[in-house]
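Some notes on the structure that comes next.
What's counted below: heavy atoms across the whole structure, side chains too, no hydrogens, waters or symmetry copies.
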Amino acid sequence: MLELYNFILYNFLHMAKLSHVFILHCWSTDSLARLAMMAQSRNVFTQFQSLDSKLRLNEEFLHHNMLKLGVFLDLNCNQSGVVLDRASAKRFLGHRYHWLIYDRSTSFSQVETHFKEAQIFVDADVTYVKKDPITDNFLLFDLYNKGRQLGGELNITADREIICNKSGCRVERYLSDLHTRNPLQHRKSFTGLTIRATAVVTALPLNISKEKIFDFMEAMDRTYLDTYGRLGYHARQPLRDMLDCDFEYIFRDRWSDGNATGGMIADLILDGADLAIAPFIYSFDRGLFLQPITKFSVFRDICMFRNPRSLSAGLSATEFLQPFSGGVWLTFALLLILAGCLLWITFILERRTEWKPSLLSSCLLSFGAGCIQGAWLTPRSMGGRMAFFALMVTSFLMYNYYTSIVVSKLLGQPIKSNIRTLQQLADSSLEVGIEPTVYTRIYVETSKEPDVQSLYRNKVLGSKRSPDRIWMPTEAGVLAVRDQEGFVYITGVATGYEFVRKHFLPHQICELNEIPLRDASHTHTVVAKKSPYAELFKLNELRMLETGIHFKHERYWMQTKLHCYQHNHTVAVGLEYAAPLFILLLSAIILCVGVLGLEVIWYRHSTLH
């Protein structure tokens, strides 16, 4: 027995690199004591379970929280079959357990009996051991099945021969090339097997023939129809080729009924499918049943609209006063008044015997210089002209700075709407249209978010428009955004951006406002939790990401970014932008007429008296 004990410790410590071992045995107490002492001396933590006739296995049998647990099983014990049946039912023959199954018989009858119908999959780490009747060495065999539900059969592959003595063990010879590569590399070919794949189709009724559904899924046109489902279908074809297998498709009309019920998600959870063709948005509720493998694509739902030009400009009388603050305008006005006073004094000193302009006329000359209008009367002296030159230079710099601000504002990027949140949109008077895709419609109708519920109540339930004016096809909704300034359309960027690029001029794209319907996220390739194919699918999909195959399909099927070219056309400044200027002019005319009226009244009053 000493050679067997050395072999057990050698297998778990040196081959499997494990220090926690569960021993299932039917040995004597003395034998166990010797094994326990040997394990303790090598820092191996062991737990023993006797497979006697009174064996009762509870629900916590073999459950653990470690990365991996080593399990030794003596196949010749009376209750070994019960243990293997329980392990098969609980799917303990997976990657989180390293099984070392020892058989004292020389045939494979027992192992075939126990494992032929067992739930042992491609990620199994099961080593079957028996002694060579001639050399008395230990022969190791690798056991796995790629999946009975896929049409797989039990595979027993000779691995190596181990020679042990009382002092230790070593490899005598290798019986195959299994030691040269990872087990998944050895098992990655699914030739002749059929993987069950669940897919989503919402653009066609499911009661039509499968030939028409496959024609639709394989077509490369009209990418806005079932974008995510068809992208997943095309992105999975390289995976099928890499695995060298066939796909059996199960078509559904939705991803799920809720977070974790119905549709494709039910196929995964209830073990009706091994792989989801379309991606999923990962959430807490789904995380209880599914595990993500790789990132698939970007997912965003937005509310897009263009500003009405009158709303974007804003009829404000202070529009042309905004380049400078009030302090700057006041300083400039005082400077012009001071310059007018100095000019008046200069004219008095220069024109002793001639007509002299009044203080008001001098201030008017200063104001004309400030407005870059020149002056009909200038000083004669060198000092006066230098002062007037300084005033003109100051006014020139102010004028150029002012005009650059105003022109850049009028010809620059359009002002975005003040509506920045979903709640503001729900409370506004803007009309709303919604893309009738399954995931968008279900989210709008069933979301628990207060702002989404308010939007649904105000714009859908409370709307007097017909349903076809609310639930609009993608192209019609995008055209309505283009033609009706202020019309809001709720769509996914993967489908809506295609029509924006098709129907919008580049500068019109710059005028778009976007409000997120929900937080931007990524969709993921998912499989059921504890799926035996998770690691194999992950390695293959990462390979497709590294080589760019997946990004090639994603760039073709999805438009997730718009480019704004705002300077590719001549901007016509409309009345809504120039209105503040005319408001200021009208105000000045009214003020001047008022002053003129006061002057007339004062003149008549002075003449009469």
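Side chains of K529 and L290 form no contact here, defined as non-hydrogen atoms less than 4.5 Å apart. Taking the side chain as every heavy atom from C-beta outward, Q423 and P450 never approach each other to under 4.5 Å. When side chains are defined from C-beta on, L422 counts as touching V452, because their heavy atoms get closer than 4.5 Å. Annotation: side chain of V526 is in contact with side chain of L268 (closest heavy-atom distance under 4.5 Å). Side-chain atoms of F247 and L275, non-hydrogen and from C-beta on, do get closer than 4.5 Å to each other. Looking at heavy atoms from C-beta onward, I156 lies in side-chain contact with L154 at the 4.5 angstrom threshold.
Judged purely by atom type and a 3.5 angstrom limit, T523 has no side-chain atom pairing as donor or acceptor with the backbone of I281. A donor-acceptor pair is defined here as one N or O able to donate and one able to accept, closer than 3.5 Å; no such pair exists between the side chain of Y224 and the backbone of A494. The main-chain N or O of H64 is found under 3.5 Å from a side-chain atom of R96 such that the two form a donor-acceptor pair. H25 places a side-chain N or O within donor-acceptor distance of the main-chain N or O of W27, the cut-off being under 3.5 Å.
The two residues A260 and I269 have their closest heavy-atom pair at O-CD1, 3.7 Å. The two atoms that bring M264 and A278 nearest to each other are CE-CB, 3.6 Å, heavy atoms only. Heavy atoms only, all atoms of each residue included: I265 and G262 are closest at CG2-O, 3.0 Å. Contact detail for S80 and L51: the closest heavy-atom pair is OG-CD1, 3.8 Å. P279 and W255 make their closest contact through O-NE1, 2.8 Å (heavy atoms, listed as atom of the first residue, atom of the second, distance). The two atoms that bring L13 and L18 nearest to each other are CD2-O, 3.7 Å, heavy atoms only.
Side chains of Q453 and S447: no donor on one and acceptor on the other come within 3.5 Å. In this structure, a donor-acceptor pair under 3.5 Å is absent between the side chains of S531 and Q291. A donor and an acceptor atom, one from each side chain of T157 and N155, are located under 3.5 Å apart. Side-chain contact, T474 with E435: a donor N or O sits under 3.5 Å from an acceptor N or O.
Rounding to the nearest 0.5 angstrom, the gap separating the CG atom in D159 from the NE2 atom in H179 is 8.5 Å. The CZ atom of F299 sits 12.0 Å away from atom CG of D519, with the distance rounded to the nearest 0.5 Å. Here OH of Y97 is found 10.0 Å from CZ of F22. Values are rounded to the nearest 0.5 Å. Taking CD1 of I490 as the reference point, atom CD1 of I302 lies at 10.0 Å (rounded to 0.5 Å). Between the NZ atom of K212 and the CD1 atom of I208 there is a distance of 6.0 Å, given to the nearest 0.5 Å. For the atom pair E3 CD and Y10 OH, the distance stands at 15.5 Å (nearest 0.5 Å).
For D226, the side chain to side chain donor-acceptor pair (under 3.5 Å) partners two or more places apart in sequence, or in a different chain, are T202. Every residue meeting the side chain to side chain donor-acceptor pair (under 3.5 Å) condition with D142, not counting sequence neighbours, appears here in chain and number order: R187. Applying the side chain to side chain donor-acceptor pair (under 3.5 Å) criterion to N207, with sequence neighbours excluded, gives no partner residue. Remark: C169 pairs with C164 by the disulfide bond (SG atoms under 2.5 Å apart) rule, at least two apart or across chains. With sequence neighbours left out, C303 forms a disulfide bond (SG atoms under 2.5 Å apart) with no residue at all. When the side chain to side chain donor-acceptor pair (under 3.5 Å) test is applied to S41, no partner is found at least two apart in sequence or on another chain.
Annotation: N65, atom CG; neighbour count of heavy atoms from other residues, nucleotides and ligands within 6.0 Å does not exceed 12. Within 6.0 Å of CD on Q40 lie no more than 12 heavy atoms contributed by other residues, nucleotides or ligands. Within a 6.0 Å radius of CD in Q237, more than 12 heavy atoms belonging to other residues, nucleotides or ligands are found. Around CE of M37, the count of heavy atoms belonging to other residues, nucleotides or ligands within 6.0 Å does not exceed 12. When the shell of 6.0 Å around NZ of K188 is examined, it contains 12 or fewer heavy atoms from other residues, nucleotides or ligands.
Under the ring pair (Phe, Tyr, Trp, His ring centres under 6.0 Å) test applied with F7, the options F72, Y102, F138 reduce to a single match, F138.
Cation-pi geometry between R230 and F216 is satisfied (NZ or CZ under 6.0 Å from the ring centre, within 45° of the ring normal). A cation-pi contact, defined as under 6.0 Å to the ring centre and within 45° of the axis, is absent between K210 and Y249. A cation-pi contact, defined as under 6.0 Å to the ring centre and within 45° of the axis, links R518 to Y443.
Residue pairs satisfying the salt bridge (Lys or Arg N to Asp or Glu O under 4.0 Å) criterion with at least one member in residues 249-272, sequence neighbours excluded, are listed as follows: R91-D271, R196-D271, R252-D267, R254-D257. The list of side chain to side chain donor-acceptor pair (under 3.5 Å) pairs with a residue in residues 163-178, not counting sequence neighbours, reads E161-R173, N165-S167, R170-E172, D177-R181. Applying the salt bridge (Lys or Arg N to Asp or Glu O under 4.0 Å) test to every pair with at least one member in residues 15-30, sequence neighbours left out, gives no pairs at all. Applying the salt bridge (Lys or Arg N to Asp or Glu O under 4.0 Å) test to residues at least two apart or on different chains, the pairs with a partner in residues 69-85 are D74-R104.
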Please set out all donor-acceptor pairs under 3.5 angstrom arising from side-chain atoms of residues 535-545, sequence neighbours excluded.
unit_1: N540; atom_1: ND2; unit_2: L536; atom_2: O; d: 2.7
unit_1: E541; atom_1: OE1; unit_2: T294; atom_2: OG1; d: 3.0
unit_1: E541; atom_1: OE1; unit_2: T525; atom_2: OG1; d: 3.3

For residues 121-130, which side-chain N or O atoms pair as donor and acceptor with protein atoms under 3.5 Å away, sequence neighbours left out?
unit_1: D123; atom_1: OD2; unit_2: H95; atom_2: ND1; d: 3.1
unit_1: D125; atom_1: OD1; unit_2: H98; atom_2: ND1; d: 3.1
unit_1: D125; atom_1: OD2; unit_2: K68; atom_2: NZ; d: 2.6
unit_1: D125; atom_1: OD2; unit_2: H98; atom_2: ND1; d: 3.1
unit_1: Y128; atom_1: OH; unit_2: D103; atom_2: OD2; d: 2.6
unit_1: Y128; atom_1: OH; unit_2: S107; atom_2: O; d: 3.4
unit_1: K130; atom_1: NZ; unit_2: T106; atom_2: O; d: 2.7

Test side-chain hydrogen bond (donor to acceptor under 3.5 Å, both in side chains) applied to R42 and S19, step by step: CA-CA 9 Å; R42 302 183 189 183; S19 59; over 6 Å; no
Going through the checks in order, is the ring-ring contact (aromatic ring centres under 6.0 Å, His included) test met by H63 and F92? CA-CA 9 Å; H63 277 286; F92 291 156; 5.3 Å; yes
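The pair R300-E514 meets the salt-bridge criterion, with a side-chain N (NZ, NE, NH1 or NH2) lying under 4.0 Å from an Asp/Glu carboxylate O.
Aromatic ring centres of Y228 and Y439 lie closer together than 6.0 Å. No close placement of the F12 and H20 rings is indicated, their centers lying 6.0 Å or farther apart.
Between F214 and Y233, the ring planes lie tilted relative to each other; the angle falls in the 30° to 60° range.
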